[in-house]
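Data block below; observations after.
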2 protein chains.
Amino acid sequence: MTLQEGKDKFIQSWGALGSSWGINRTMAQIHALLLISPQALSAEDIMEELKISRGNANMNIRALIDWGLVYKELKAGERKEFFVAEKDMWEVVKNIIIQRKKKELEPMLKVLDEISSIDEAGPKSEEFVQIIREIKLFSSKADSTLDSLIKADSNWFVGTFMKMIK
Amino acid sequence: MTLQEGKDKFIQSWGALGSSWGINRTMAQIHALLLISPQALSAEDIMEELKISRGNANMNIRALIDWGLVYKELKAGERKEFFVAEKDMWEVVKNIIIQRKKKELEPMLKVLDEISSIDEAGPKSEEFVQIIREIKLFSSKADSTLDSLIKADSNWFVGTFMKMIK
DNA sequence: GTGAAGTTTCAAAAAGTACTGAACCAACAA
DNA sequence: TTGTTGGTTCAGTACTTTTTGAAACTTCAC
């Protein structure tokens, strides 16, 4: 395999992985490209490498910045913006967890709360509310677990965790 | 809120959550419906409640069974098949992790392996291979962490984990 | 001011994904 | 054997998401 083939393969695979992670294909490909790029790239570089339109590049770069997966880098004397990827994988995963927790878990907790306030009487209602309460309990625990996970640092993850749970 | 409104809301929200979890909307809705249903339901019950076609119901029930989120239940004397949901949330999450690990993480590890075997010489190649190796290291660790997590049991999760990592 | 270089926005088109419905298959009862 | 009930499959359609490309905007130099 040549260097170019390897790079392409990585970008393709990372793109595929991303799409099952709430990150769309192009967003993940841009991230992959920046990950393996030693220097910062401009929007134009990215458009060329991935053969995507200006609008597409712009929107996805912006989204990546929002997610904390990519940083803007301004070069002295250059008006153009350059971009670099967050290269610490633990940071990447952590940021994804933060975003998805906010977008998915938290709204679900809210809904479960609302639902458990059913005022209708009767055994059917009680049974239902009971099931919902169990789900809520589990979700709240997942929520705090993720909070702790987010606070923990990279070293802790790569080092201690595995041994701890063995 | 009435019981029916509560049920509908839960089914809708669970459906929305599912679609960001590699489980499509209908699949998640069927799962939600079965979760809050005290008795097993037939394909026909499901079709009616969710207003979906026979084909759709069949395909998604099948997928849920594949994922280990729903079980078939045969009633004596009935030719019809009935279905019940896995109600232990930890089992649900665990099964989703197992499926996604298999479908996403493992192929990525394989690709990273292939890529690190680039035979081209030169500093650019070495630099690239180095980055790929780091990603691979992280991914392997994630992989074993998930393996341990899968082996752990529900009690461990809801009880010990939170305290441990505090 | 004007124009050049760059960025942002968004309506329309394309691509991707899920759903329907009808045809088909299987098991059983009459 | 035929009719009935239920399960499965899949081509075509409907729906959703992503991408394009062009116009609008911003910033700065002259």
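All chains are named by letter (A, B, ...) in the order of the sequence lines, taking the proteins before the strands, and each is independently numbered beginning at 1. Values below: all heavy atoms of this structure, side chains included; hydrogens, waters and symmetry mates excluded.
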Let's see if you can work this out: which of [options] has an atom nearest to the side-chain heavy atoms of [X]?
| X | options | answer |
| --- | --- | --- |
| A:Arg79 | C:dA5, C:dT7, C:dG21 | C:dA5 |
| B:Asn56 | C:dT20, C:dA18, C:dT7 | C:dT20 |
| A:Met59 | D:dT19, C:dG21, C:dT7 | D:dT19 |
| A:Ser53 | D:dT20, D:dG7, C:dA18 | D:dT20 |
| A:Asn60 | C:dA18, D:dT19, C:dT7 | D:dT19 |

Under a 4.0 Å N-O cut-off, is there an ion pair linking [X] with [Y]?
| X | Y | answer |
| --- | --- | --- |
| A:Lys75 | A:Glu81 | no |
| B:Glu104 | B:Arg100 | yes |
| B:Glu91 | B:Lys94 | yes |

Remember a base hit wins even if backbone is also touched, and classify [X] as base, sugar-phosphate or nothing at under 4.0 Å, heavy atoms.
| X | answer |
| --- | --- |
| B:Ser42 | nothing |
| B:Arg62 | sugar-phosphate |
| A:Glu44 | nothing |
| B:Asn24 | sugar-phosphate |

If you define the side chain from C-beta out and look only at heavy atoms, does anything of A:Trp67 sit under 4.5 Å from A:Ile98? no
Atom-to-atom span, CD1 of B:Ile46 to P of C:dT20 - whole angstrom: 14 Å
Taking for each residue the nucleotide of DNA chain C bearing the nearest heavy atom, is the 5' side occupied by A:Gly55 or by B:Arg25? A:Gly55
